Each structure stands twice: as C-alpha cells, then as structure tokens.
Amino acid sequence: MLATRIRRWKSVALATAAVMAGLCAPALTATPAAATTTAYDSTYYKNAIGKTGTSLKSSLHTIISSQSKISYSAVWDALKVTDQDPNNTSNVLLLYSGVSRSKSLNGGDVGDWNREHTWAKSHGDFGEVTGPGTDLHHLRACDVQVNSIRGNLDFDNGGSTVTNGGGSTVDSDSFAPRAADRGDVARMILYMAVRYEGDDGFADLEPNEKVGNGSNPYMGKLSVLKAWNEADPPSAFEERRNQVIYDTYQHNRNPFIDHPEWVEAIW
C-alpha cells in the first residue's frame, strides 16, 4: 500500500494567513511545500529526519544508495508496470505528452514508446550502464518522437510548443514538460543528484543554474526545477510509481516524492 501521507502547515497561523490571502487575491507564486510525514519516517528515513542542508543530502544519499539494480533490457518490462495507466491496465502513460499507449508498442519506430532518461545519459556520460543508466527513478516511458525532441536538453521555461507533446515546449537549449509533469521531472532530477555523488565509479551528478551543460555531469536550471516541485506536487500516479519501484524492483525510494519539502531544505 502507498505510504500514508499527511500534509500539514508548519503552524496554524501560517495556514490561516494563507487561506485569508487566497480569499483576497489569486496566488502569484507557488506555495512552499508543506511539511510531510510518511509511514517510512520512523524506519527507512529515520537517519534523515530533522536534518537540513548538506547533512540531509548526505543522509539521504546513504539511505537510497542501498538498492537492487536491473539491466537496461529489463527496464522495458519494468516500465510496463511502473508507468501503467491507472485507467487502462493494457497501457502506459507517457512522460511529457501524457498520452496513454499500448504496452506492446515499445520500440524505436514512430508511434512507439521508448525509455527516456530524464537525467540525460550524456550529462555525466553514464550511457545505459547498470546503475544510473538503468535507474527506474528517472527512467520513464515516452513517445519516441517527443523523446528525440527533448534529446539531452536541460530543463527551463519557455520555447515553442512541441508537436504532440501535450503542451511541452522546447527551444535551442532547453525543454519544458507539460505542466502536469514538471514536478515529476524536478523530483527525478534531484533524486539523481542525491543518489549519484561520485563515490561508486560514476560521475557526481549535480543540478546547476545553466542550460547547455553538454556532457558535464550537471543539469539545469535548479531554480526552475525548485519552482516546478512547488507548483506540481506529487500525484497519486507518482506515489504509486515510487512504491512499485521500492516494493518490486530497486527497493529504494525517491525521497522528494515522500518529502517534497526536502528540496528546499537541501537547495
């Protein structure tokens, strides 16, 4: 079962003020993610609770680095489970476009879906190697053509509408997913930055404030990813996905799905 999630304001006064402000005028900025508790706080996350900054990041790295790994070929079948459309169990939901497509249409042709590395595999040059190249917490089912348009671009706002991209946009040096996937992307990218710290033979992956990072082990823009995390909180689909990866495949979790407020606590 999904971990019990209880969102709460840090104080009653803050909650009251937020409600009153909402009655007076529309919100102009995203509300900071409220403190969250989960059923895993006293077990899985017990060594991270109460920490902030580099101490929190270090603790989470230790926690989530304990994982099972799968091959790149095994990712195909795993995605058919993790990305299953809750309204049609014969289909997967595609990242960026939001399209529901038959699980059997996996491959490399137009009309197929393939395996999107949300943290572009060239950013740190880890390719499809077992480890970061096969980590299900950032691999998603994606339309072949939309995946090609995203390529290895960094993430930022702006650009022109992507054909059949569900509202995603692109320009010469960046890509923006449709609004419903922006928080998902932010939390996947920041998971990778905590999980891969350069101590296991792979590059030290980190977010930064640039686009056009190329083969460097960086992904931008951090400020935009933080804003996306706030504006698009974890959905039931995202939470289920996190649980399936934990229960069935890697046995580790994306902490930013369980605790989206930890993004601000670290960065």
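Source: prediction; values computed, not measured.
- Between Trp119 and Tyr218, the gap from one ring centroid to the other reaches at least 6.0 Å.
- If you run salt bridge (charged side-chain N to carboxylate O under 4.0 Å, His left out) between Lys221 and each of Asp156, Asp173, Asp154, only Asp156 comes through.
- Proximity of Pro234 to Glu239: side-chain heavy atoms (C-beta onward) are separated by under 4.5 Å at one or more points.
- Counting only heavy atoms from C-beta outward, the side chains of Leu95 and Pro177 never approach each other to under 4.5 Å.
- Note: Glu128 CD to Leu139 CG = 9.5 Å, rounded to the nearest 0.5 Å.
- Thr118 places a side-chain N or O within donor-acceptor distance of the main-chain N or O of His138, the cut-off being under 3.5 Å.
- Note on Arg253 versus Asp258: salt bridge recorded, some NZ/NE/NH1/NH2 to OD/OE distance being below 4.0 Å.
- For the atom pair NZ of Lys80 and CH2 of Trp76, the computed distance is 8.5 Å after rounding to the nearest 0.5 Å.
- One side chain, Ser59 or Lys51, offers a donor N or O that lies under 3.5 Å from an acceptor on the other.
- The aromatic rings of Trp262 and His259 sit parallel, their planes meeting at an angle under 30°, below the 60° perpendicular limit.
- Put simply, the side chain of Asp83 never gets that close to the backbone of Arg140: no donor and acceptor are under 3.5 Å apart.
- Note that the OG1 atom of Thr82 and the CZ atom of Arg241 stand 4.0 Å from one another [nearest 0.5 Å].
- Side chain of Gln84 to main chain of Ser90: no donor-acceptor pair is present (N/O by atom type, distance under 3.5 Å, no hydrogens or angles).
- For the residue pair Ala186 and Asn229, the shortest heavy atom distance occurs at CB-N, 4.1 Å.
- Under the 4.5 Å side-chain contact rule for hydrophobic residues, Ile149 and Val99 do not share a cluster.
- For the pair Leu136/Ile70, a side-chain contact is recorded, criterion being any heavy-atom separation below 4.5 Å from C-beta on.
- The CG atom of Leu56 sits 9.0 Å away from atom CH2 of Trp267, with the distance rounded to the nearest 0.5 Å.
- Under a 3.5 Å cut-off, the side chain of Ser215 and the backbone N or O of Asp125 do not form any donor-acceptor pair.
- Contact detail for Ser65 and His61: the closest heavy-atom pair is OG-O, 2.6 Å.
- Using cut-offs of 30° and 60° on the angle between ring planes, the pair Phe126 and His117 is tilted.
- If you chain together hydrophobic residues whose side chains sit under 4.5 Å apart, Leu93 and Met188 never meet in one group.
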Evaluate the criterion side-chain hydrogen bond (donor to acceptor under 3.5 Å, both in side chains) for residue pair Ser97 and Asp143; output intermediate values, then yes/no.
CA-CA 8 Å; Ser97 64; Asp143 176 79; over 6 Å; no
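- Using modelled atom types, no side-chain atom of His251 and backbone atom of Gln67 make a donor-acceptor pair closer than 3.5 Å.
- Gly158 and Thr169 get closest at one heavy-atom pair: O-OG1, 2.7 Å.
- Linking Ile, Leu, Val, Met, Phe, Trp and Tyr residues whenever their side-chain heavy atoms come within less than 4.5 Å places Ile266 and Val263 in a single cluster.
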Between Arg187 and Asn254, does a side-chain hydrogen bond (donor to acceptor under 3.5 Å, both in side chains) hold up when you go through it step by step?
CA-CA 8 Å; Arg187 288 179 283 274; Asn254 181 334; over 6 Å; no
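- Pro132 has its side chain out of reach of Asp135: every pair of non-hydrogen atoms, C-beta onward, lies at least 4.5 Å apart.
- Side-chain polar atoms of Asn213 and Asn208 form a donor-acceptor pair below 3.5 angstrom.
- In this structure, the side chain of Ser55 does not engage the main chain of Thr52 through any donor-acceptor pair within 3.5 Å.
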Carefully, step by step, assess Asp200 and Arg195 under the rule salt bridge (charged side-chain N to carboxylate O under 4.0 Å, His left out).
CA-CA 10 Å; Asp200 52 5; Arg195 170 60 186 87; 3.2 Å; yes
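- Distance CG/Leu60 to CG/Leu190: 11.5 Å, rounded to 0.5 Å.
- Residue pairs meeting the ring pair (Phe, Tyr, Trp, His ring centres under 6.0 Å) criterion with at least one partner in residues 158-203, sequence neighbours excluded, are Tyr96-Phe175, His137-Tyr191.
- Atom CG of Asp204 has more than 12 heavy atoms from other residues, nucleotides or ligands within 6.0 Å.
- No hydrogens or angles considered: nothing links the side chains of Ser102 and Asn91 as a donor-acceptor pair under 3.5 Å.
- Between the CG atom of Leu225 and the CD1 atom of Ile189 there is a distance of 6.5 Å, given to the nearest 0.5 Å.
- Using a 4.0 Å cut-off between charged side-chain N and carboxylate O, Lys103 and Asp77 make no salt bridge.
- Asn152 approaches Ser122 most closely through the heavy-atom pair ND2-OG, 3.1 Å.
- A donor-acceptor contact shorter than 3.5 Å is absent between the side chain of Arg182 and the backbone of Val224.
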Given the rule in the side-chain hydrogen bond (donor to acceptor under 3.5 Å, both in side chains) test, do Asn88 and Ser100 qualify, once you have shown the distances and angles that lead to the verdict?
CA-CA 8 Å; Asn88 185 342; Ser100 179; 5.0 Å; no
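- In the hydrophobic clustering of this structure, Val244 does not group with Phe237; members are Ile, Leu, Val, Met, Phe, Trp, Tyr whose side-chain heavy atoms approach within less than 4.5 Å, directly or through other members.
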Set out, in order, the CA-CA distance, both residues' side-chain angles and the distance that settles side-chain hydrogen bond (donor to acceptor under 3.5 Å, both in side chains) for Asn157 and Trp228, then state yes or no.
CA-CA 10 Å; Asn157 293 313; Trp228 289 353; 3.1 Å; yes
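- By the criterion of side-chain heavy atoms lying less than 4.5 angstrom apart, applied directly or through intervening Ile, Leu, Val, Met, Phe, Trp or Tyr residues, Val75 is not grouped with Tyr246; the two fall into different hydrophobic clusters.
- Contact check for Leu205 versus Glu197: no side-chain heavy atoms found under the 4.5 Å cut-off.
- Listed here is the closest heavy atom pair of Thr134 and Thr130: OG1-CA, 3.5 Å.
- Using a 4.0 Å cut-off between charged nitrogen and carboxylate oxygen, Glu206 and Lys57 count as a salt-bridge pair.
- A donor-acceptor contact shorter than 3.5 Å links the side chain of Asp112 to the backbone of Asp109.
- For the residue pair Trp113 and Asn147, no side-chain donor N or O sits within less than 3.5 Å of a side-chain acceptor on the partner.
- Within the 3.5 Å criterion, the main-chain N or O of Val144 finds no donor-acceptor partner in the side chain of Ser148.
- Between the Arg150 side chain and the Leu153 main chain, a donor and an acceptor come within less than 3.5 Å of each other.
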